[in-house]
Participant: 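Starting off with a structure, shown below.
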Amino acid sequence: MTDIDVTLLAGGLGSRMRGVSGDTPKVLAPIAGRAFLGHLLDHLAAYGARRVVLCLGHLADRVTAWLAQGDTNRSLDVVCQIEPSQMGSAAALAYIRKDLKAGTVLVMSGDTFLDADLRAFVASHRLSGAEASVLCVEVEDAARFGRVEVGPDSRVRRFLDKAPGRGVINAGVYLFSAAFLDRIAASGASSLTRDVLHKMPPGTLHGHVAKARFIDMGTPESLAVAASVIGGRET
């Protein structure tokens, strides 16, 4: 992953977490005695990432202050960009497009974590020949997440509505070519999922289904078990 830029979209308001985290941004939520962002950056560095662009918004000053303390992997070049106003995920990508210099970019949500093999995801993406790949994971209960139907050819057939029960979901991790990012930036889209990915013709997107544990940091319930997931231990 040394030739891939990584961007973390972390500009959300975190309204679901206010009762637990107060004025602490979700990316700085304490997990096992350390800010979640520290764990996430270490995870990326372990897979060879060298450059990370943080797209910040709400409480950005708290994140930049944390970074200034130096609790990050020193092998990473971390660049911060602050949204001028609250933006959707696609609009945020358009805003930071000029800072993404690599031919392939790994896009991640700053409030999710999964212990997937990122090198395998990159290899799968490159073999597919697709301009955009979606990292998917199977979860026990997909009630909170939109499902993804991935065909035997590893192409995304369609995105489905939320429904309870076991299912394959979009884990919020993507690999995009520079050309695909340029089209997002030119489209004026707000939401990456709703306005871009869900409107792609069937079979356009590559879907890589990983065997991995997944956690969405967006709820107090998820935060309570995050340490065991991030630490690689059974919950």
Side-chain angles (χ1 to χ4, degrees), residues 1-9 40 43-44 46-49 88-90 92-94 97 100 102-216 229:
M1 289 181 56
T2 56
D3 59 343
I4 291 176
D5 279 352
V6 179
T7 183
L8 298 180
L9 301 178
L40 191 53
H43 180 68
L44 291 168
Y47 280 100
S89 48
L93 277 176
R97 177 67 187 98
L100 304 173
T104 302
V105 174
L106 181 72
V107 178
M108 305 177 68
S109 169
D111 58 4
T112 60
F113 183 89
L114 69 162
D115 54 359
D117 185 340
L118 295 179
R119 290 194 187 99
F121 181 39
V122 172
S124 176
H125 168 73
R126 287 175 171 164
L127 283 172
S128 75
E131 287 192 317
S133 292
V134 182
L135 182 55
C136 304
V137 65
E138 189 171 7
V139 296
E140 291 291 339
D141 187 5
R144 286 172 46 207
F145 313 101
R147 294 171 180 252
V148 184
E149 182 182 321
V150 180
D153 58 354
S154 296
R155 294 285 172 155
V156 174
R157 299 285 181 81
R158 56 179 175 161
F159 293 91
L160 304 170
D161 293 335
K162 298 177 183 180
R166 192 172 185 85
V168 173
I169 66 166
N170 177 354
V173 179
Y174 313 97
L175 281 164
F176 295 152
S177 71
F180 192 81
L181 285 169
D182 287 341
R183 288 199 294 275
I184 291 175
S187 70
S190 176
S191 166
L192 179 59
T193 52
R194 184 185 64 250
D195 300 331
V196 179
L197 301 180
H198 289 191
K199 293 184 177 181
M200 298 290 290
T204 304
L205 298 170
H206 172 64
H208 178 75
V209 182
K211 292 183 178 180
R213 291 182 298 171
F214 170 83
I215 187 165
D216 172 12
V229 174

Participant: Side-chain contact, heavy-atom cut-off 4.5 Å: Val139 with Arg144?
Facilitator: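 Heavy-atom side-chain distance check fails, nothing below 4.5 Å.
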Participant: Taking all non-hydrogen atoms of both residues, which atom of Arg147 and which atom of Arg166 are closest, and how far apart?
Facilitator: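 Where Arg147 meets Arg166 most closely, the heavy atoms are NH1-O, 2.9 Å.
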Participant: What are the two closest non-hydrogen atoms of Val150 and Gly207, and how far apart are they?
Facilitator: CG1-O, 3.8 Å
Participant: What pairs with Pro201 under side-chain contact (heavy atoms from CB on, under 4.5 Å), at least two apart in sequence or on another chain?
Facilitator: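 Per chain and number, Pro201 pairs via side-chain contact (heavy atoms from CB on, under 4.5 Å) with Thr204.
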Participant: What residue pairs, at least two apart or across chains, pass ring-ring contact (aromatic ring centres under 6.0 Å, His included) with a residue in residues 134-169?
Facilitator: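 Sorted result for residues 134-169: Phe145-Phe214, Phe159-His198.
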Participant: Output all residues satisfying side-chain contact (heavy atoms from CB on, under 4.5 Å) with Arg97, sequence neighbours left out; order by chain, then residue number.
Facilitator: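 Arg97: side-chain contact (heavy atoms from CB on, under 4.5 Å) contacts with Leu100, Ala178, Leu181, Asp182, Ala185.
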Participant: List the steps, then state whether side-chain contact (heavy atoms from CB on, under 4.5 Å) holds for Leu106 with Val122.
Facilitator: CA-CA 9 Å; Leu106 181 72; Val122 172; 5.8 Å; no
Participant: Go through the steps for Met200 and Val156 under the test side-chain contact (heavy atoms from CB on, under 4.5 Å), then give the verdict.
Facilitator: CA-CA 9 Å; Met200 298 290 290; Val156 174; over 6 Å; no
Participant: Set out, in order, the CA-CA distance, both residues' side-chain angles and the distance that settles side-chain contact (heavy atoms from CB on, under 4.5 Å) for His43 and Leu118, then state yes or no.
Facilitator: CA-CA 10 Å; His43 180 68; Leu118 295 179; 4.2 Å; yes
Participant: Partners of Ala102 by side-chain contact (heavy atoms from CB on, under 4.5 Å), sequence neighbours excluded?
Facilitator: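 Expected list: Asp5.
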Participant: Provide the full list of ring-ring contact (aromatic ring centres under 6.0 Å, His included) pairs with a residue in residues 121-141, sequence neighbours left out, each pair given once.
Facilitator: Phe121-His208
Participant: State the NZ-CG distance between Lys211 and Asp115, to the nearest 0.5 angstrom.
Facilitator: 13.0 Å
Participant: Mind listing the closest non-hydrogen atom pair of Ser133 and Ser128 along with its distance?
Facilitator: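 Heavy atoms of Ser133 and Ser128 come nearest at OG-OG, 4.2 Å.
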Participant: To check you understand the geometry: which heavy-atom pair defines the closest contact between Ser154 and His206, and what is its length?
Facilitator: O-ND1, 3.1 Å
Participant: To check you understand the geometry: which heavy-atom pair defines the closest contact between Ala142 and Ile169, and what is its length?
Facilitator: CB-CG2, 3.8 Å
Participant: Roughly how far, to the nearest 0.5 Å, is OG of Ser109 from CG of Asp216?
Facilitator: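 Answer rounded to 0.5 Å: 7.0 Å.
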Participant: Supply the atom-to-atom distance Leu197 CG to Leu192 CG, rounded to the nearest 0.5 angstrom.
Facilitator: 4.5 Å
Participant: Please find the pair of heavy atoms, one from Thr7 and one from Leu93, that lie closest to each other, and give the distance.
Facilitator: CG2-CD2, 3.9 Å
Participant: What pairs with Asp153 under side-chain contact (heavy atoms from CB on, under 4.5 Å), at least two apart in sequence or on another chain?
Facilitator: Arg155, Arg157
Participant: Ignoring hydrogens and geometry, is there a side-chain-to-backbone donor-acceptor pair from Asp141 to Gly165 under 3.5 Å?
Facilitator: yes
Participant: More than 12 heavy atoms of other residues, nucleotides or ligands under 6.0 Å from CZ of Arg183: is that the case?
Facilitator: yes
Participant: Do Tyr47 and Asp117 come close enough that some side-chain heavy atom pair is under 4.5 Å?
Facilitator: yes
Participant: Name the orientation class of the two ring planes belonging to Phe180 and Phe176 (parallel below 30°, tilted from 30 to 60°, perpendicular beyond 60°).
Facilitator: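 The rings of Phe180 and Phe176 sit tilted, inter-plane angle from 30° to 60°.
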